[in-house]
Amino acid sequence: MRQSVLFWQTQRTDPADAELASHRLLVRAGLIQRFTSGIYGLTPLGLMAQQRIEDLVREELTQAGAQEVRLPFVQPFDLWRRSGRGAEDLPELMRLRDRRGEELALALTAEEAMTELVRRQGVHASQLPLLLTQTGLKFRDELRPRGGLMRLREFLMQDAYSFDLDEQGMTESFARMRLAYRRVFERLDLDVREVAAASGMMGGAGALEFQMPLAAGEDEIIACRACGYVANREAARRSPRGGMGKGVASLSPVETPGATQIATLATALGCREADILKAVFYDKAGTTVLALVLGDRQVGEEKLQAVVGGSLRPLAAEEAHGRGLVVGYAGPVALEVTGTLIIVADMEVEQASGLVCGANREGWHLAGVTPGRDFSWQMAADIAQVAEGDACPECGMPLGVERTLELGHIFRLGTRYSERLGLHCQGSDNVLRPLWMGSYGIGISRLLAAVIERHHDDRGIVWPAEAAPYAVHLLVLGEDSDVTTLAQEVAGAWQDRLLWDDRAVTAGVKFHDADLLGLPWRLTVSRRSLAQGGVELRRRLDGQTRMVRREEVPQMLRDLLTGDAGQG
RNA sequence: CGGGCUGUGGCGCAGUUUGGUAGCGCGCUACCUUGGGGUGGUAGAGGUCGCGGGUUCGAGUCCCGCCAGUCCGACCA
């Protein structure tokens, strides 16, 4: 491709709002353009890079036995309603209505659509296990998109779905996809950790996330360095600290004016935050849920939700008031609220004694509170968030918290969707059974951001061979006829497979743009290189440079452009 | 849902306090210059100053309303 006609423009200054390296570089290297929050366009070079990644993922899925299909991006909302996800609290699902009033929704994942596709055509047992995949646009109406391509509203995702006769089959398909995804991350040179996860809005059990460590990431994983235990923040467990609180004592009220915060209270009473009982209120369909954790803990809302069931929502201050709670001084001892109340105690609370908690009276707390003696609860469970340094649930050694970016997610769905949407298959025993499904998603757009996040230096992108839009950047310096002739000779038959900087700009500009774009190999043709008998070859990764004699150029280009001469 | 900040050529910004012909740098076009690390110069093109209303002889600037973007908080009782 001749650069003088390529639709491409780099930028000399950093965009004002980019804090992520990948965001900054994608914009400066002219690969993306923002249209509105979380919605971007790609330029030719940006699209080529994305397509390389898309093709690579497709290759691995084909290897795993997947067949590619295309599902609608605009889907009938009724499909969502029938699967049971339309009625749930799914604010990311973008709904719209056409002019006749038909309710539609934009694809957010494709469990429903894929199940429907298979159901409509029907499937024979002989076709199982069936693995179907598509690469398609997804739209999620995120509250806060951010970081360039890191968290988008509209994005490209490769999703796949497996269909098996029984649970055993599903587990085998799941294992096959897990390997396929591992290969993808290996080929893109991304170090990714497999993490046990909560299944969230997908439903099902035994989900696995692929998380890449990244300081600017938005997920957190909990990992034990001693035994290898790893879990998502939402699913992480810890072994409880026993014997918190000040020991058994008699119950006594203490006056604590203005101490409505844990930190303030701890200072006022001269105790540890862990000696205070923290009470957090939620609403579950009209029922008040009181979650009790020790004062230095955070309630793990996903964990609480898993224990309580249904969907929880934090209670606003006015609402809490309305139900008879004394905001700032609420506690479980002799608590009376309007309506139903469920008290859930964290397992650490159960084992503590001599705690401080709110007295349900403005300006007063209670000291010497002992769980079990002074108040009771309906459920005791692990509902607190794990913190740095907590004891590993497997081996007891300290746990660490790490920020990560989620790149892929695979689920064992079971028969949830096939049952609700009526997808059955007849086995050899002549009985119709719902199919066992798995769901697998990998974010192509986000993968593009992750590759740059992981592969760049202070001058620009450093593409890994498998994702580079072109393998070779040919720079022509000067306009002497000798140089021009050599350039044309070099570009020769490979013109379409390399980027050829034939612009009339100075050498410095070309070098800077080449470094910024970061193609794996740079070939320079100039009067100087000519004097040394050929062209200069430079590797972007480490700057290693050598001269290639004129007559060796065709062979070298063949090596670089047809495969195995990557960066490694 | 709340708070802060910001909306001015493609990008980065000044101008708003004190109302008076819309500016700078980068990028873009043409020509010259330079030609191994963003060369120097000359001449140009490009703007509903986020949107609507108001005050005024006159509004990017003052007033009211709205919208968008962005950052922080979201809840610990």
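Since the structure is predicted, the reported quantities are computational estimates derived from the model, not experimental observations. Just the heavy atoms: all of them, side chains too, but no hydrogens, waters or symmetry mates, feed the values below. Chain identifiers are assigned alphabetically (A, B, ...) following the order of the sequence lines, protein sequences preceding nucleic acid strands; residue numbering begins at 1 within each chain.
Across all strands shown, rC76(B) forms no Watson-Crick or G-U wobble pair with both distances under 3.5 Å. Pairing for rG58(B) is absent, with no Watson-Crick or G-U wobble pair whose two atom distances lie under 3.5 Å. Under the Watson-Crick and G-U wobble criteria, each requiring two contacts below 3.5 Å, nucleotide rC66(B) is paired to rG50(B). Applying the Watson-Crick and G-U wobble criteria (two distances, each under 3.5 Å), rA43(B) pairs with rU29(B).
Looking at Arg522(A), its side chain comes within 3.5 Å of the base of rG37(B) through a donor and an acceptor atom. Under 3.5 Å, the side chain of Gln33(A) and the base of rG10(B) form no donor-acceptor pair of N or O atoms.
If Asp515(A) and His365(A) are placed on RNA chain B by their nearest nucleotide, the residue sitting closer to the 5' end is Asp515(A). If you find the closest nucleotide of RNA chain B to Gly147(A) and to Val525(A), the one lying nearer the 5' end belongs to Val525(A).
The Phe281(A) side chain lies nearest to rA77(B) when the options are rA77(B), rG37(B), rG36(B). Relative to the side chain of Asp17(A), the nucleotides rU70(B), rG36(B), rG37(B) differ in distance, and rU70(B) lies closest. If you check rG36(B), rC28(B), rA77(B) against the side chain of Gln9(A), the one that comes closest is rC28(B). Taking the side chain of Ile262(A) as heavy atoms from C-beta on, and the options rG38(B), rG36(B), rC76(B), the nearest nucleotide is rC76(B). Which of rA77(B), rU70(B), rG36(B) sits closest to the side chain of Ser37(A) comes down to rU70(B). Taking the side chain of Arg528(A) as heavy atoms from C-beta on, and the options rA77(B), rG36(B), rG38(B), the nearest nucleotide is rG36(B). If you check rG36(B), rG37(B), rU34(B) against the side chain of Thr506(A), the one that comes closest is rU34(B). Closest to the Ala16(A) side chain, of the nucleotides rC71(B), rG36(B), rG12(B), is rG12(B).
As rounded to whole Å, 7 Å separates atom P of rG36(B) from atom CG of Leu477(A). Distance, Tyr282(A) OH to rC76(B) C1': 7 Å, rounded to whole Å. rG38(B) atom C1' lies 4 Å from atom CZ of Arg12(A), rounded to whole Å. If you take NE2 of His512(A) and P of rG35(B), they are 17 Å apart, rounded to a whole angstrom. Distance CZ (Phe7(A)) to P (rC28(B)): 13 Å, rounded to an integer number of Å. In this structure, Glu479(A) places its CD atom 12 Å from C1' of rU33(B), rounding to the nearest Å. In this structure, Phe35(A) places its CZ atom 15 Å from P of rG69(B), rounding to the nearest Å. To the nearest angstrom, P of rC11(B) lies 15 Å from CZ of Arg28(A).
The same atom, P, is picked in rG37(B) and in rU61(B); the two are 48 Å apart, to the nearest Å. Between rG44(B) and rC5(B), the distance separating the two C1' atoms is 37 Å to the nearest Å. Rounded to whole Å, the separation between the P atoms of rC51(B) and rC67(B) comes to 15 Å. Here, rC57(B) and rC11(B) have their P atoms 38 Å apart, quoted to the whole Å. With P as the reference atom, rU56(B) and rC66(B) are 23 Å apart, rounded to whole Å. Look at the C1' atom in both rG23(B) and rC49(B): the space between them is 12 Å, to the nearest Å. One P atom belongs to rU8(B), the other to rG15(B), and the distance between them is 14 Å to the nearest Å. On the P atoms, rU70(B) is 32 Å away from rA77(B), given to the nearest whole Å.
A salt bridge is defined here as a Lys NZ or Arg NE, NH1 or NH2 lying under 4.0 Å from an Asp or Glu carboxylate O, and Asp141(A) with Arg153(A) meets this definition. Looking at Arg140(A) and Glu92(A), no side-chain N of the basic residue comes within less than 4.0 Å of a carboxylate O on the acidic one, giving no salt bridge. Of the charged side-chain nitrogens involved, none lies within less than 4.0 Å of a carboxylate oxygen, so that Arg538(A) and Asp515(A) do not count as a salt-bridged pair. Salt bridge status for Arg2(A) with Asp501(A): absent, with no side-chain N to carboxylate O gap under 4.0 Å. Contact check on Arg459(A) versus Asp457(A) returns no salt bridge, with no Lys/Arg side-chain nitrogen under 4.0 Å from an Asp/Glu carboxylate oxygen. Between Asp346(A) and Arg238(A), at least one side-chain N (NZ, or NE/NH1/NH2) sits under 4.0 Å from a carboxylate O, which counts as a salt bridge.
Between Arg34(A) and rA68(B), a side-chain N or O to OP1/OP2 separation shorter than 4.0 Å is absent.
By the 6.0 Å contact criterion, CD on Glu218(A) is enclosed, its count of non-hydrogen atoms from other residues, nucleotides or ligands being greater than 12.
Ala330(A) comes within contact range of the sugar-phosphate backbone alone, with a heavy-atom separation under 4.0 Å but no base atom that close. Contact annotation for Val505(A): base contact, defined as any heavy-atom pair under 4.0 Å involving a base atom. At a threshold of 4.0 angstrom between heavy atoms, the contacts of Glu19(A) are confined to the sugar-phosphate backbone, with no base atom among them.
A donor-acceptor distance shorter than 3.5 angstrom exists from the side chain of Glu348(A) to the backbone of Arg241(A), with no hydrogens or angles considered.
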